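Read through the structure below, which is laid out as structure tokens, and then see the notes.
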Amino acid sequence: MVVSGVSFMDSLAASNQVAEERISNIRTVKAFSQEKKEMFQYGEKMHEVLKLSVKESLMRGLFFAMTGFAGNFIIISVLYSGGLLVSEQAISVGELSSFLLYAAYTGVSIGGLSTFYSDINRGLGASSRIWEIIDRKPSIPISGGLKPLTGPKGDISFQNIVFSYPNRPDAPIINGLNLEIPSGQRYALVGHSGSGKSTLGHLLLRLYDPQNGQICLDKTDIKIYDPVWLHSHIGVVSQEPILFSGTVRENIAYGREQFTENEIIDVAKEANAYDFIVNKFPDGFNTVVGERGVLLSGGQKQRIAISRALLKNPKILLLDEATSALDAESEKLIQEALQRLSKGRTVLTIAHRLSTIKNADKLAVLFNGKIVELDSYDALMSIENGLFKKLNKNQILTS
Ligand SMILES: Nc1ncnc2c1ncn2[C@@H]1O[C@H](COP(=O)(O)OP(=O)(O)OP(=O)(O)O)[C@@H](O)[C@H]1O
């Protein structure tokens with residue numbers, strides 16, 4: 001019964017996952033006219049849930065039918081043998097009745113225990129997955145470690161990094177990579193799609209640990225630092241900025257406990273977000289952005305994410321540029337905001353835009369899990385048969 005409870009919960013979770021994923025991406029479903037197919041798929045999943053719940057109900061029914069039958073059979077047997085004993089005058093009718101009464105009380109109580117047993121099994125089935133998750137020890141601790149009293153200087157070095165994702169251990173993404181980014185410099189990471197640029201960002205944030213080599217911040221392995229301290233000094237503006245349902249203010253302040261209204265206004269101005277927040281949104285900074293920021297345009301989301309990074313005031317910046325093209329005006333405003341954001345910080349940009357690539361102090365070209373070229377834009381373009389030159393010529397780097 002425990003096993004069937006677990007499968008029932010698993011199939012219910014699978015059907016909920018399908019529903020949640022499709023409903024939250026309803027625009028894509030509609031754009032591809034997949035409503036009927038998705039409804040059919042959800043129906044299939046629910047059918048699976050129904051099948052398992054019928055199976056579980058049958059097992060419960062069988063179990064209770066058997067215990068009920070056994071109870072009644074015992075009573076009839078006791079009445080029969082007791083009747084024989086009464087007729088032989090071995091026991092009195094009173095003794096037989098009181099025995100039956102005690103036996104009935106005991107039987108009902110034991111019957112109650114069997115219901116309790118089946119309910120416990122249901123609970124065990126439902127909770128076993130939760131316990132599995134609760135008992136999992138994260139390989140990277142949430143907190144604990146060195147917390148320097150001052151912020152970092154911002155020198156970053158990747159030393160002989162080898163990394164493959166845990167679910168694909170045989171497919172190394174980074175393979176003996178070395179890269180030094182001195183404090184205050186702007187480096188742009190370029191390479192084919194899928195070459196591992198975002199992965200390098202994940203490693204710097206210590207979302208994963210490399211299988212080999214070390215990543216150092218100010219000559220100390222990032223594994224030594226408290227992850228909370230480390231994350232507080234790295235600002236991230238990702239390709240698809242993640243906003244949470246809540247107000248514009250709450251989204252800008254995400255990650256900062258203490259802030260003043262003036263700070264929020266200042267960072268919004270610096271990120272070129274102030275004008276649209278105040279003039280275009282009905283409630284200004286109190287405007288609700290909708291689930292995952294659906295009520296905002298791509299460019300607006302980017303600028304709110306830049307305001308958030310500015311408020312955090314980190315020493316290191318990790319920018320994952322959006323590949324999707326924005327209109328020229330938004331593009332200009334975002335580039336301006338990013339320029340301001342980059343000032344005085346160590347910046348690693350996953351670059352897709354020619355303007356970013358040209359403005360970077362150095363370009364690091366990632367190929368086959370290694371940095372194969374590292375220099376300024378002009379220097380790399382002057383290498384005959386250079387990889388960067390080829391990528392640039394084929395317009396692989398720019399959107
Ligand atoms: N969580 C993951 N689990 C397993 N493999 C992953 C995971 N994330 C990415 N990968 C794989 O790692 C490789 C590198 O991905 P990554 O996102 O770092 O590339 P990228 O250079 O940033 O690409 P793009 O420019 O298209 O964003 C890809 O082959 C991808 O399929």
Side-chain angles (χ1 to χ4, degrees), residues 17 21 25 28 133 136 138-140 156 158-179 181 186-213 215 222 227 231 234-242 292 298-299 301-302 305-306 309 316-326 331 334-335 338 347-360 362-374 377 380 386-399:
Q17 190 188 1
E21 214 173 84
N25 294 305
T28 312
I133 294 168
R136 261 170 73 166
S139 55
I140 299 170
I156 298 167
F158 292 86
Q159 296 166 9
N160 207 17
I161 305 295
V162 176
F163 175 74
S164 55
Y165 281 98
N167 53 356
R168 291 189 203 154
D170 302 328
I173 310 290
I174 307 292
N175 210 349
L177 177 142
N178 289 292
L179 179 65
I181 311 175
R186 273 182 291 169
Y187 274 41
L189 207 52
V190 292
H192 286 104
S193 173
S195 55
K197 303 181 292 290
S198 305
T199 303
L200 216 54
H202 296 159
L203 291 173
L204 178 61
L205 279 169
R206 219 187 152 206
L207 302 181
Y208 301 90
D209 278 336
Q211 279 87 30
N212 237 317
I215 301 166
I222 56 169
H231 294 153
I234 305 180
V236 183
V237 179
S238 57
Q239 218 174 50
E240 284 167 25
I242 307 294
R292 289 182 300 154
K301 276 196 259 188
Q302 285 272 344
I306 295 171
I316 298 151
L317 260 182
L318 190 59
L319 305 176
D320 200 345
E321 277 187 349
T323 39
S324 54
L326 295 163
E331 174 77 48
I334 288 174
Q335 283 303 328
L338 286 176
V347 183
L348 181 60
T349 308
I350 295 161
H352 295 286
R353 297 203 169 90
L354 201 55
S355 51
T356 317
I357 292 169
K358 281 186 170 167
N359 287 335
K362 279 201 176 158
L363 305 178
V365 184
L366 187 54
F367 184 70
N368 275 349
K370 288 190 179 76
I371 301 295
V372 290
E373 289 175 8
L374 178 71
Y377 176 81
L380 289 184
L387 181 63
F388 176 73
K389 196 171 176 176
K390 267 189 219 159
L391 289 170
N392 204 18
K393 193 172 154 215
N394 297 337
Q395 295 200 316
I396 288 171
L397 303 172
T398 50
S399 54

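Because the structure is a prediction, the values reported are computed rather than measured. Whatever order the structure lists them in is the order used to number ligands and atoms, beginning at 1.
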TODO: Compute the minimum heavy-atom distance from His202 to ligand 1 and say whether it is under 4.0 Å.
DONE: no
Open item on the list: Taking a cutoff of less than 4.0 Å between a non-hydrogen atom of the residue and any ligand atom, is Phe163 in contact with ligand 1?
Closed with: no
Open item on the list: Quick check: Ile173 and ligand 1, any N/O pair under 3.5 Å apart?
Closed with: no
Testing the basics here: between [X] and [Y], what is the closest heavy-atom pair and its distance to 0.1 Å?
| X | Y | answer |
| --- | --- | --- |
| Ser198 | Ile350 | CA-CD1, 3.7 Å |
| Leu203 | Pro210 | CD2-N, 4.1 Å |
| His192 | Lys197 | O-NZ, 2.9 Å |
| Leu317 | Ala309 | CD2-CB, 4.5 Å |
| Gly196 | Leu366 | C-CD2, 3.6 Å |

Task: From the candidates Ser198, Gly194, Gly201, Pro166, the one that places a heavy atom nearest atom 28 (C) of ligand 1 - done: Gly194
Which ligand 1 atoms, with their elements, are less than 4.0 angstrom from a heavy-atom of [X]?
| X | answer |
| --- | --- |
| Tyr208 | 1 (N) |
| Thr199 | 14 (C), 15 (O), 16 (P), 18 (O) |
| Ser195 | 19 (O), 21 (O) |
| His192 | 21 (O) |

Open item on the list: Under 4.0 Å, heavy-atom basis, I'd like to know which part of Arg168 is in contact with ligand 1: side chain, backbone, both or neither.
Closed with: side chain
Open item on the list: Heavy-atom pairs closer than 4.0 Å: do any link ligand 1 to the side chain of Asn167, the backbone, both, or neither?
Closed with: side chain
Open item on the list: Take a 6.0 Å sphere around CD of Gln211 and say whether it holds more than 12 heavy atoms from other residues, nucleotides or ligands.
Closed with: yes
Task: Leu348 side chain near Leu319 side chain, heavy-atom distance below 4.5 Å - done: no
